[in-house]
Amino acid sequence: MNSAAGGGWTTNVASGEGTPGRTVTLTDLLRVPLHRIRLVACAAALGLLAALGYVLLVPGAVTADAVVAVRPVVTDAFTPSGASADRAVNMNVERGIATGTEVVRRLVDATGRDQRDVQDALELEVPTGGQILRFRYTANSPQDAVAGVNLAAAAYLDVRRTMYEQQREDILRSYDESISRAQAQQAVLQRRIASAREGEADAAVAELSGVNSQLVQLGSARTEIAAVDVNPGWVTREAETNLIPAGGSQLLRLLAGLLGGVLLGVVLAYGWESVDRRIRSVDDGRDATGLPLLGTARGPRARGSRHAVDADVRYVAMAIAGRIREPARIVLLTTRGDQTAMSAGLAVALAVTGREVYLADDIDRLGRLRSEVLAGVARLPTTANSARPVVPQPRQGRRTAPVDEVTEQIAVRRPSPRPTALPRQATVHSPSAAGHVTAANRPATDDPDGTIFLPRIAATASSSAKSEVGEPADTVVVGAGTIRFGTWRQRAASGLVLFNAPPAEADERGVAAARQGAAVVVVEQDRTRQSDLRRLAERLRAAGVAPLGFVLTHRGRG
């Protein structure tokens, strides 16, 4: 039985020669995080939980502001003097006083917090070119923040007023001392004038006049100093609790935690994808195998109804039928997955047109294959149950093999590069034959490519040696054709044989069977690993198998 290899290897994947690189679209970029949506969702949940724990366990920081206008202390506040020195305030000095030890000590006494924490919580801003101090205080609650910043502003004004008052007291004390000395000198001069003689009285009177003038000047200056307003400034804007937004920062923290978790999940998804790359599209399958696409099959859970999936399988069957010549043997290969549903669907689609399909399986999946075939037959449209076969029947002059002739001579290559020639009187035993056959006329040869011809089971075998294919219960009528079930060793010599091969990563029987016919690679989207698919393609190429192509199946999200 031979089949026309309609596909073949279109690119040399091993040597890196392939089709030019395609353009990566936004869909390609989103396909990976959407496939790893569970990982992204877990990372987002962890980020949200971390932000929620921070909000609940770590006290929130609330900042309140207060503005103080600093005024210069002058002797006459109502006399304009322009930009003279007595009207300017050194804001660097005021900044140092506002954040000094005395202000911090009062905040520590009022709030009970540590001095270092108070220094870190208190901030001061000085606008350029202005005599304004903006106090900022951070606390765990709006009430504490408002009380702290208002206390800091009041403490600064109080400290600055105390300093001005102390300076004024010192100046007044100096004036009082000078006035006391002048008054004492005045008293001495008055006594001297009273007891002075006629010639000495004029000099004492002149000296007393000077002392009186000095007393007048000192009294006038002391009056001006005593009348100076030592108020250092005013609080132009006090902090209030209702001016602080409640809960806004907490909501932002939760949103930041969620977005950070999503971003981390996307990064982890791409990292995981770089380690464990999967087949995401037809282009990925074509790049990994170098084979043509036979068709795609949607998943019933997420892509469409069962009737739509059956239609996809029928299109795949049409593509396969156009590349083979009957009788043919087709092996359905996969890396690690299970292609049972695809095998049953293809068997139904090929048999409904009048073919005799033999569906083989070697790993105890015949029961599932039968169930899938019966379910597919039940879904066939009424027009498909035509008794007229679509596929031409074999010529009458050519004898078709009976049902019991389930095995034909198979050319098997010798496994050793230097095989030992069989003796002329060698006897080859067949496990399913009633006896043994003597190959007396087979010439011995040392050709490493020589073959051993296994005998065909005779049609006169006993009824106890009949295979399971001959049982009526193993035949399902599908439209104008039939489907039989059995193992690969019991395959029919005529018709179309479909082998539901075991996973290639764990069993080599699928690749070995593909050497005797044609192979179709079944690729599961979002499940088949690119490394496994490349390894399967290399094994097929090394074994000399020319596959028909590959089929991309969807399993929902995967």
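All values reported here derive from a predicted model rather than from experimental measurement.
When side chains are defined from C-beta on, Ile132 does not count as touching Val70, because their heavy atoms never get closer than 4.5 Å. No side-chain heavy atom of Asp144 sits under 4.5 Å from any side-chain heavy atom of Thr111. Counting heavy atoms from C-beta on, the side chains of Leu208 and Ile193 come closer than 4.5 Å. Side-chain contact between Val521 and Thr334: absent, with no pair of heavy atoms (C-beta onward) separated by less than 4.5 Å. At least one side-chain heavy atom of Phe499 sits less than 4.5 Å from a side-chain heavy atom of Asp362. Residues Leu380 and Val348 meet the side-chain proximity criterion, which asks for heavy atoms closer than 4.5 Å. Val551 places none of its side-chain heavy atoms less than 4.5 Å from the side chain of Thr296. Between Arg529 and Arg277, every side-chain heavy-atom pair lies at or beyond the 4.5 Å cut-off.
Side chain of Arg95 to main chain of Leu124: a donor-acceptor pair is present (N/O by atom type, distance under 3.5 Å, no hydrogens or angles). The closest donor-acceptor contact from the side chain of Tyr175 to the backbone of Ile225 lies at 3.5 Å or more, if one exists at all. Within the 3.5 Å criterion, the main-chain N or O of Ala297 finds no donor-acceptor partner in the side chain of Thr553. Under the 3.5 Å distance criterion, the side-chain polar atoms of Asp158 are left unmatched by any main-chain donor or acceptor of Ala154. No donor-acceptor pair closer than 3.5 Å links the side chain of Glu273 to the backbone N or O of Pro33. Without hydrogens or angle criteria, Ser274 side chain to Gly271 main chain gives a donor-acceptor distance under 3.5 Å. No donor-acceptor distance shorter than 3.5 angstrom exists from the side chain of Asp65 to the backbone of Arg136, with no hydrogens or angles considered. Proximity of a side-chain donor or acceptor of Arg365 to a complementary backbone N or O of Asn500 within less than 3.5 Å is detected. Panel note: side chain Ser174, backbone Asp170; no donor-acceptor pair is recorded below 3.5 Å. Of the possible donor and acceptor atoms, none in the side chain of Thr138 sits under 3.5 Å from a partner among the backbone N and O of Val62.
Atom CZ of Arg173 and atom CZ of Arg168 lie 12.0 Å apart (nearest 0.5 Å). Rounded to the nearest 0.5 angstrom, Ile320 CD1 and Leu332 CG are separated by 6.5 Å. Atom CG of Leu258 sits about 16.0 Å away from atom CZ of Arg253, to the nearest 0.5 Å. Taking CZ from Arg286 and CG from Leu552, the interatomic distance works out to 10.0 Å, rounded to the nearest 0.5 Å. Between the CG atom of Leu151 and the CZ atom of Phe135 there is a distance of 10.5 Å, given to the nearest 0.5 Å. Rounded to the nearest 0.5 Å, atoms CG (Leu215) and CD (Gln185) are 8.5 Å apart.
Remark: the Asn212 side chain and the Ser209 side chain contain no N/O donor-acceptor pair separated by less than 3.5 Å. For Asn231 and Arg71, the side-chain atoms include no donor-acceptor pair closer than 3.5 Å. Side-chain contact, Thr340 with Asp338: a donor N or O sits under 3.5 Å from an acceptor N or O. No donor-acceptor contact under 3.5 angstrom links the side chains of Thr335 and Asp532, judged on distance only.
Looking at Asp310 and Arg314, no side-chain N of the basic residue comes within less than 4.0 Å of a carboxylate O on the acidic one, giving no salt bridge. Between Asp114 and Arg116 there is no salt bridge, since no side-chain nitrogen of the basic residue lies less than 4.0 Å from a carboxylate oxygen of the acidic one. Using a 4.0 Å cut-off between charged nitrogen and carboxylate oxygen, Arg192 and Glu207 count as a salt-bridge pair. Between Arg106 and Asp109 there is no salt bridge, since no side-chain N of the basic residue sits under 4.0 Å from a carboxylate O of the acidic one. A salt bridge does not link Arg134 to Glu123: none of the charged nitrogens lies less than 4.0 Å from a carboxylate oxygen. Using a cutoff of 4.0 Å between basic side-chain nitrogens and carboxylate oxygens, Arg535 and Glu538 are not scored as salt-bridged. A salt bridge is defined here as a Lys NZ or Arg NE, NH1 or NH2 lying under 4.0 Å from an Asp or Glu carboxylate O, and Glu524 with Arg278 fails to meet this definition.
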Steps toward side chain to side chain contact (heavy atoms under 4.5 Å, CB included) verdict (Val235, Val67):
CA-CA 6 Å; Val235 178; Val67 179; over 6 Å; no

request  = Apply side chain to side chain donor-acceptor pair (under 3.5 Å) to the pair Tyr156 and Glu102, showing each step before the final yes or no.
outcome  = CA-CA 8 Å; Tyr156 159 73; Glu102 185 64 23; over 6 Å; no

Practice item. Assess whether side chain to side chain contact (heavy atoms under 4.5 Å, CB included) is satisfied between Gln525 and Asp284, documenting all intermediate values. Key: CA-CA 10 Å; Gln525 187 184 30; Asp284 293 340; over 6 Å; no

Check your understanding: Passes side chain to side chain contact (heavy atoms under 4.5 Å, CB included), Leu533 versus Val523? Steps please.
Key -> CA-CA 8 Å; Leu533 190 58; Val523 181; 3.9 Å; yes

inquiry  = Apply side chain to side chain contact (heavy atoms under 4.5 Å, CB included) to residues Val520 and Phe550 and explain how you reach the verdict.
reply    = CA-CA 6 Å; Val520 174; Phe550 74 96; over 6 Å; no

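In plain terms, the two heavy atoms of Val32 and Ala269 that are nearest each other are CG1-O, 3.9 Å. Residues Ala98 and Leu122 come closest through the heavy atom pair O-CD2, 4.2 Å. Nearest approach of Leu291 to Pro547, heavy atoms of both residues: CD1-CB, 3.9 Å. Counting all heavy atoms, side chain and backbone alike, Val146 lies closest to Ala239 at CG1-O, 3.2 Å. Residues Gly337 and Pro503 share a closest heavy-atom pair of O-CG, 3.8 Å. Closest non-hydrogen pair, Leu294 versus Ala319, comes out as O-CB, 3.5 Å.
Considering only residues two or more places apart in sequence or on other chains, Tyr137 meets the ring-ring contact (aromatic ring centres under 6.0 Å, His included) condition with none of them.
Geometrically, Arg160 engages Tyr164 in a cation-pi contact defined by less than 6.0 Å to the ring centre and at most 45° from the axis.
Shown here is Gln183, whose CD atom has more than 12 heavy atoms of other residues, nucleotides or ligands within 6.0 Å. Under a cut-off of 6.0 angstrom, the local environment of CH2 in Trp272 is sparse, with at most 12 non-hydrogen atoms contributed by other residues, nucleotides or ligands.
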